[in-house]
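This is a predicted model, so every value here is computed, not measured.
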Amino acid sequence: MEHIYQQLKELEEQHVRAVRGLEKLAKALEHVSEARTELSDLSEDANLNPTLSNLPEQLKVLKDALEEETWRTRGYITDVELEQGYLRKRLQEQERSSS
């Protein structure tokens with residue numbers, strides 16, 4: 001049973017780190033979206049110099065990568081939660097059988 005408790009503790013730590021990472025990804029995605037909108041508005045209002053005119057497209061690529069990483073992190077969190085559920089069930093079964 002001690003082994004299961006240790007695994008649960010490790011999974012909880014991984015879960016916390018993954019959720020914090022997801023929160024950071026969400027913030028970054030929000031900032032990139034805002035920056036892209038502002039740059040697009042600027043490029044419509046005035047001609048940006050050629051170096052800056054490509055930034056909205058570069059930010060789109062970054063936004064897409066952040067979205068992909070967000071989905072990957074969500075999937076990882078789901079996997080951790082499923083593993084936690086499995087271990088808790090095993091723990092309950094072991095506790096019942098030892099009673």
Side-chain angles (χ1 to χ4, degrees):
M1 267 196 307
E2 186 61 36
H3 179 67
I4 294 174
Y5 282 120
Q6 183 60 36
Q7 284 181 300
L8 278 170
K9 181 182 176 190
E10 290 170 9
L11 285 172
E12 183 59 32
E13 290 168 358
Q14 291 173 13
H15 188 268
V16 168
R17 283 193 305 272
V19 169
R20 286 183 184 150
L22 186 59
E23 290 168 351
K24 289 177 182 177
L25 283 169
K27 274 187 184 175
L29 190 55
E30 182 180 326
H31 291 304
V32 167
S33 295
E34 289 172 3
R36 187 166 178 248
T37 300
E38 288 181 30
L39 279 169
S40 292
D41 291 347
L42 278 174
S43 66
E44 289 175 10
D45 293 344
N47 289 331
L48 293 177
N49 72 43
T51 307
L52 295 178
S53 64
N54 194 30
L55 276 177
E57 185 56 36
Q58 291 174 9
L59 287 173
K60 182 190 179 316
V61 172
L62 179 58
K63 180 178 176 268
D64 292 346
L66 285 169
E67 286 175 344
E68 184 177 327
E69 189 60 29
T70 297
W71 283 109
R72 197 174 297 136
T73 302
R74 285 181 179 157
Y76 175 76
I77 289 169
T78 300
D79 290 346
V80 169
E81 289 170 346
L82 289 171
E83 182 68 15
Q84 285 173 315
Y86 167 75
L87 288 173
R88 286 185 185 112
K89 184 178 176 185
R90 275 187 49 201
L91 192 59
Q92 287 173 346
E93 290 169 357
Q94 285 186 6
E95 287 172 346
R96 275 190 227 126
S97 67
S98 64
S99 299

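- For the pair Thr78 and Leu82, the minimum side-chain heavy-atom distance is below 4.5 Å.
- Among pairs with a residue in residues 63-73, those fulfilling side-chain hydrogen bond (donor to acceptor under 3.5 Å, both in side chains) read Lys60-Asp64, Lys63-Glu67, Glu68-Arg72, Glu69-Arg72, at least two apart in sequence or across chains.
- His15 and Gln84 form no side-chain donor-acceptor contact under 3.5 Å, judged by distance and modelled atom types alone.
- The salt bridge (Lys or Arg N to Asp or Glu O under 4.0 Å) contacts involving residues 85-99 comprise nothing, where partners must be two or more places apart or lie in separate chains.
- Remark: Glu34 CD to Glu30 CD distance equals 5.0 Å, nearest 0.5 Å.
- Under the 3.5 Å distance criterion, the side-chain polar atoms of Arg36 are matched with a main-chain donor or acceptor of Pro56.
- Residues passing the side-chain hydrogen bond (donor to acceptor under 3.5 Å, both in side chains) test with His31, sequence neighbours excluded: none.
- Through side-chain heavy atoms spaced under 4.5 Å, either directly or across other Ile, Leu, Val, Met, Phe, Trp or Tyr residues, Val16 is tied to no other residue.
- Sorted by first then second residue, the salt bridge (Lys or Arg N to Asp or Glu O under 4.0 Å) pairs that include residues 3-21, not counting sequence neighbours, number zero.
- The side-chain contact (heavy atoms from CB on, under 4.5 Å) test applied to Lys24 returns no partner, not counting sequence neighbours.
- Judged as a side-chain hydrogen bond (donor to acceptor under 3.5 Å, both in side chains), and not counting sequence neighbours, Gln94 has no contacts.
- Other cluster members for Leu8: Met1, Ile4, Tyr5, Leu11, Tyr76, Val80, Tyr86, Leu87, Leu91, joined by side-chain heavy-atom distances under 4.5 Å among Ile, Leu, Val, Met, Phe, Trp and Tyr.
- Here Leu22 is tied into one hydrophobic group with Val19, Ile77, each link being a pair of ILVMFWY side chains closer than 4.5 Å.
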